[in-house]
Amino acid sequence: MKKIDKIIHLKLIEITIMLIIIIISFPLWKKLEQNEIMTTAALYDNARYTYIDVENYSNGPMFPIKDDEALNELKPTSLKLINETNTTEDFTIIMKVSKTSTLDYRCLNIAIDRQKKNLKNLYLFDDADSFYFSLKSDTIKGETKEYDFLIWMDSSTNNDMMGKSLSYSFELQEGLML
């Protein structure tokens with residue numbers, strides 16, 4: 001019986017020590033700010049905490065419009081790049097157009113911070129599901145950068161594109177692509 005009491009006593013001591021460690025470490029962990037956690041994590045295995053946040057995702061219905069009217073009248077989508085660490089990151093904003101879209105991407109114009117471009121000139125590649133376009137390449141270090149994005153149909157687009165659908169999204173690619 002003494003042997004069982006001794007084992008129970010040792011197990012109770014182990015459990016008590018573990019509880020004390022947990023009770024002490026939890027408040028210390030909670031005191032770490034999110035930024036410190038991100039910075040510490042970024043030191044391990046090239047961990048990166050740079051991401052894209054998209055606001056005002058929809059530009060409304062698509063219709064042919066002149067470039068100067070599009071730049072002045074359309075509400076831009078805000079592309080916000082956030083780097084929560086002090087590491088320098090090269091990035092490229094990629095626009096991904098789904099192949100289920102019925103609107104031809106070749107009739108679309110875009111503007112990043114009021115710099116107009118034809119979407120077809122930004123083509124990178126395609127896969128089974130999507131077409132990929134390089135919108136903007138830049139570098140970011142411990143900051144937030146915002147870009148205004150507009151998309152519209154070129155004014156010379158035929159009426160057969162009216163009422164067609166466009167499904168697209170944005171991704172952040174590590175490194176610079178031109």
Side-chain angles (χ1 to χ4, degrees), residues 34-157 161 164-178:
Q34 187 70 15
N35 195 22
E36 292 172 354
I37 293 170
M38 295 294 192
T39 303
T40 304
L43 298 175
Y44 296 98
D45 195 31
N46 293 323
R48 304 221 166 148
Y49 291 92
T50 303
Y51 57 94
I52 187 168
D53 182 29
V54 181
E55 296 174 10
N56 308 325
Y57 196 81
S58 175
N59 288 87
M62 296 287 256
F63 53 89
I65 186 172
K66 293 180 182 175
D67 297 342
D68 57 334
E69 290 175 6
L71 292 171
N72 293 321
E73 295 177 18
L74 294 179
K75 182 178 180 183
T77 295
S78 177
L79 305 177
K80 188 183 298 186
L81 281 286
I82 302 162
N83 180 336
E84 295 179 333
T85 68
N86 282 329
T87 57
T88 300
E89 302 289 338
D90 296 328
F91 67 86
T92 300
I93 300 172
I94 304 292
M95 182 177 172
K96 195 169 136 179
V97 176
S98 172
K99 287 189 174 178
T100 61
S101 299
T102 56
L103 182 62
D104 187 354
Y105 72 83
R106 290 175 287 239
C107 69
L108 298 173
N109 292 328
I110 63 123
I112 299 278
D113 287 339
R114 303 191 56 81
Q115 293 181 2
K116 180 216 169 256
K117 300 174 184 176
N118 189 287
L119 189 59
K120 69 181 175 190
N121 295 336
L122 304 174
Y123 175 84
L124 287 173
F125 63 92
D126 61 282
D127 60 21
D129 301 319
S130 303
F131 298 102
Y132 295 83
F133 303 90
S134 174
L135 300 182
K136 176 83 175 174
S137 294
D138 204 349
T139 302
I140 190 169
K141 180 180 179 182
E143 62 184 313
T144 299
K145 290 186 176 186
E146 289 188 51
Y147 305 97
D148 286 335
F149 172 80
L150 292 170
I151 186 167
W152 68 94
M153 290 171 54
D154 188 88
S155 61
S156 64
T157 302
M161 284 293 128
K164 303 283 182 165
S165 67
L166 179 68
S167 177
Y168 64 96
S169 61
F170 300 96
E171 293 181 356
L172 197 59
Q173 173 68 40
E174 187 178 309
L176 298 175
M177 304 169 103
L178 300 173

>> Just verifying a value: how many Å separate Asp68 CG and Glu73 CD, rounded to the nearest 0.5 Å?
In response: 8.5 Å
>> Given 3.5 Å as the limit, does a donor-acceptor pair link the side chain of Ser101 with the main chain of Leu103, or not?
In response: no
> Is a donor on one side and an acceptor on the other found under 3.5 Å between the side chain of Thr102 and the backbone of Ser165?
Replying inline: yes
> Side chain of Lys136, backbone of Ile94: donor and acceptor closer than 3.5 Å?
Replying inline: no
> Between Asp67 and Lys116, is there a side-chain N and carboxylate O pair less than 4.0 Å apart?
Replying inline: yes
> Which is it for Thr100 and Asp129 under the side-chain contact (heavy atoms from CB on, under 4.5 Å) test, yes or no, and what are the steps along the way?
Replying inline: CA-CA 8 Å; Thr100 61; Asp129 301 319; over 6 Å; no
>> Donor-acceptor pair, distance only, cut-off 3.5 Å: does the side chain of Asn83 make one with the backbone of Thr87?
In response: yes
> Does the gap between the ring centers of Phe149 and Phe170 come in under 6.0 Å?
Replying inline: yes
>> Can a donor-acceptor pair be found, under 3.5 Å and without considering hydrogens, that links the side chain of Asp113 to the backbone of Asp148?
In response: yes
> What is the distance from atom CG of Asn118 to atom OH of Tyr105, rounded to the nearest 0.5 Å?
Replying inline: 10.0 Å
>> Let's go through Thr92 and Ser137 carefully: what are the C-alpha distance in whole Å and the side-chain angles of both, what is the deciding distance for side-chain hydrogen bond (donor to acceptor under 3.5 Å, both in side chains) to 0.1 Å, and is it a yes or a no?
In response: CA-CA 4 Å; Thr92 300; Ser137 294; 2.9 Å; yes
>> Counting only heavy atoms from other residues, nucleotides and ligands, does the tally under 6.0 Å from NZ of Lys66 exceed 12?
In response: no
>> Using modelled atom types and a 3.5 Å cut-off, is there a donor and acceptor pairing between side-chain atoms of Asp104 and backbone atoms of Cys107?
In response: no
> What do the steps show when you test Leu108 against Leu166 for side-chain contact (heavy atoms from CB on, under 4.5 Å), and what is the final call?
Replying inline: CA-CA 10 Å; Leu108 298 173; Leu166 179 68; 3.7 Å; yes
>> Taking NZ in Lys141 as the centre, count heavy atoms belonging to other residues, nucleotides or ligands within less than 6.0 Å. Is the count above 12?
In response: no
>> Is it the case that the ring center of Phe125 lies less than 6.0 angstrom away from the ring center of Phe131?
In response: no
> Just by distance, with hydrogens left out, do Asn121 and Arg106 show a side-chain donor and acceptor under 3.5 Å apart?
Replying inline: no
